[in-house]
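The first residue in the sequence is number 1, and the count goes up from there.
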Amino acid sequence: LVGQLYGPNIFKLLVTRILGLAQTAAFGFAQSITDMLRNYLPAHLLAGWLRPLMISRYLARKKLSDLTDIVNLVLKLNLLGIIPLLVFFMVRGDAFGAWATGGRYLHVGDLLWLLAVMVCLQTIHLLFAMITITVEQASANLAATCIAATSLPFSLILIQTFGTEGAAWGLLSGEIIWLLSAGWLLSRRGFHIAWDITGTLRIALAGIVAGMALWFSGFDQPLTGDMAYSVAITATVFLVCSIFLKPLREAERLLIGSLIPARFILW
């Protein structure tokens, strides 16, 4: 119940109350797009499979490294899906919004990429919550939720000042507070999560290159042809760069190798 105080549903109510129905419709459109993205990411699709796998691996040897290998792998797989869309929204968000809504919403680009960042944080949140349950530290999860709820007054100010983009920043602030709080509480209790920063930065670098290629492509009109070309450019450049940079570690490749042949692991 406390977690709902800084969740998307309460923000819809706040946007409706403070900004009106037109802004609520724009916010709802952007949130629907990013919700579809989140629901088809590996961490959310495989949540029911990941939890027992993490618990069984941890109970077998009581090593946190077994958990971090799984968590880093799933996070990177999610980022490989999120980052191209995040880059696309940053560069062509306004044009996409105008195209997708038939010209009704012309300036939702900032809202789209902010909510795409929110999906990245929600992915880390889900994986963090799995870790806290697995290592029997559920109280850290609950405490972080209560701490993050304190972001609501700040979010109200952001909504009144910056409109729908302020609502997105409010959502981001709540997630950031939760992640920092949960990480700090776990660290105090001796559980240090080793995130693979290098691999994550390699995925981000591939996204930056794809964004630059899209920026200079010139296909910036809200037309079906331009949108198709923009998506193709972003996806192709990102795919080539990510394969070249190889963000996955050897332990993560071995995990994937237990499911599919090694020749198909391009990253």
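One hydrophobic cluster, built from ILVMFWY side chains closer than 4.5 Å, cannot hold both L127 and W184; they sit in different ones. L179 is connected to L152 through a chain of hydrophobic side-chain contacts under 4.5 Å among Ile, Leu, Val, Met, Phe, Trp and Tyr, so both are in one cluster.
In this structure a side-chain-to-backbone donor-acceptor pair under 3.5 Å is missing from T236 to I233. Looking only at distances, a side-chain donor or acceptor of T101 sits under 3.5 Å from a matching main-chain atom of G97.
Under a 4.0 Å N-O distance rule, the pair D226/R92 does not qualify as a salt bridge.
Between W267 and F244, a ring centre-to-centre spacing not shorter than 6.0 Å is recorded.
In this structure, a donor-acceptor pair under 3.5 Å is absent between the side chains of T200 and W195.
Closest heavy-atom contact between L185 and A143: CD1-CB, 3.6 Å. Summarising the geometry of L114 relative to E165, their closest heavy-atom pair is CD1-O, 4.0 Å, with the distance given to 0.1 Å. The two atoms that bring W178 and A129 nearest to each other are CH2-N, 4.1 Å, heavy atoms only. Contact detail for A140 and R189: the closest heavy-atom pair is N-NH1, 3.5 Å. Shortest non-hydrogen contact noted between F27 and A167 is CE1-CB, 3.7 Å.
In terms of the side chain to side chain contact (heavy atoms under 4.5 Å, CB included) criterion, residue partners of R38 (sequence neighbours excluded) are, by chain and number, D35, H44, V119, Q122.
Ring pair F89/F96 is tilted by interplanar angle, where 30° to 60° counts as tilted.
When side chains are defined from C-beta on, I131 counts as touching I193, because their heavy atoms get closer than 4.5 Å.
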